[in-house]
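Everything below concerns the one structure shown next.
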Amino acid sequence: MQQYLAALDQGTTSSRAIIFSARGEIIASHAVEFQQHYPHPGWVEHDPEDILNSQLTALKEAVHLSGIDPGEIAAIGITNQRETTLLWDRRTGKCVGNAIVWQCRRTSRIVEQLIADGHGDMIREKTGLIPDAYFSGTKLKWMLDYYNLHERAEKGELCFGTVDSYLCWNLLTGRPHVTDATNAGRTMLFNLKTQEWDEELLQLLDIPRACLPEVVDSSGLIGYLDPSVLGRPIPVTGMAGDQHASLFGQTCWQVGDVKNTYGTGCFMLMNTGDRPVVSENGLLTTMAWRIGGKPTYALEGSVFMGGATIQWLRDELKMISKASESEGLAESVNGTGGVYLVPAMTGLGAPWWDMYSRGTLVGMTRGTGRAHIVRAALEAIAYQSDDLMQAMIRDSGRKPERLQVDGGASANGFLMQFQADISNVPVVRPRVMETTALGAALLAGLGCGMYAGREELASMWQKDLEFTPAMDEATRRLNLRGWHRAVERSLRWAEA
Ligand code: ADP
């Protein structure tokens, strides 16, 4: 009986593997951390061997811990850190250099030039992305330029890929050179509407089509795990970037469904159905997933300092000794006493987009204490998330019925209740918080025919807790007004 699904979750700091039962319960999991490389200020790299070896170890160990026979795994789903860029030799499989990680800023100048040359609107229109060094396109261009590889790429001797591609190439029989549509959508080279690599964008960045992978659906047969790994050719039938997998794993399948992941940063996505909504509020347009050749779209926004705000209180201000302590402290006072913290340490993203705003603490009086500031920090995570959600509501014209949450900081009950209050929407936390891995497993389960349809899958998502809005309208408005006045104070602070 093949009654299990395996998810490979290749993240920025660790590779994980989780074995799920057909009912979506976690049977076993294993994570392997790997080294980050910072060769210059603002640069971030991964050793491709580390990515591969950590992922292989995680998978083998998870299977071992589960006690199941690999033959009982019906299918594997892959999810990955997005935008991280690799380039390797088609014959030997050897990478030309380290992977350039999504966080790496080395191509900022290339992006500034694209914008200065007036290509910003065209890029936004075609890709749904706001031109930025995050996305893979300029990273690939940098590699081709730096290693002087244009000619070889032109001849088809090289393969570009994001981490999903790289894993498929190395782990699947026959070395398929593929990427799923959600990952392709983060390259700044893929046209959201035509669902093809875009000739104009390729020319603009001088990228030969011959080095690009074939774009496949997020669910469906991609290939078979090489039997050298687990002794069996297990089908790989699901693949999506991490935030997309998490949206799927939260069962946000209806238009208007929203999830927010509270990690180091926060990532919010709203399903907008078969319509790519162009944002007027600084959000990205992206694919939620592509199934049966049909893309479902989403709006995406992120908060740079989410859980990181709490890390900052702990590590820099030494106001708390561990993140979870923030909850009790926040609840020890019945408000912030008018204090607001705007954690714009690295600027503000959507809907403000101000790279020059900086961290700001306002409204202090003689009575202000540690608990007020800790509470203001947690509230700030919720306020920033609310700003994203309101932007999504304005762009899509839909108010979500609930907000589905996950990520490390969603363990904080005070934060979740405050989010429900300030956004005036029920906040729902699932039992399985590993929604990214669950999403990859569900895409795989759907892709291998383990489930009859989505209805059957939906029962695999189970609610743990629901936080019901309890703040009166007047207080809510007053709080939001205070927050927005505080944001005003933080804008344009750093001098260019
Ligand atoms: P990532 O995947 O980005 O590494 P995680 O989902 O593991 O992040 O979440 C870790 C983040 O959540 C950290 O920034 C940490 O400060 C924050 N965090 C963890 N537990 C709590 C808590 N109980 N209250 C508030 N923040 C928390």
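Start at 1 and go down the list; that is how both ligands and their atoms are numbered. Computed from heavy atoms alone, side chains included, the values below leave out hydrogens, waters and symmetry copies.
- Contact shell of ligand 1 (protein heavy atoms, cutoff 4.0 Å): Gly263, Thr264, Gly307, Ala308, Ile310, Gln311, Ala323, Ser324, Ser326, Gly407, Gly408, Ala409, Asn412.
- For the 3.5 Å distance criterion, the side chains of Thr162 and Asn80 fail to qualify, holding no donor opposite an acceptor.
- No hydrogens or angles considered: nothing links the side chains of Ser136 and Arg186 as a donor-acceptor pair under 3.5 Å.
- Pairs of residues two or more places apart, or lying in two chains, that qualify as salt bridge (charged side-chain N to carboxylate O under 4.0 Å, His left out) and include a residue from residues 241-268 are Arg82-Asp242.
- A donor-acceptor pair shorter than 3.5 Å cannot be found between the side chains of Trp483 and Asp386.
- Here Arg314 pairs with Gln311, Ile320 under the side-chain contact (heavy atoms from CB on, under 4.5 Å) rule; sequence neighbours left out.
- Remark: Asn479 pairs with Tyr340, Tyr383, Ile422, Met471, Thr475 by the side-chain contact (heavy atoms from CB on, under 4.5 Å) rule, at least two apart or across chains.
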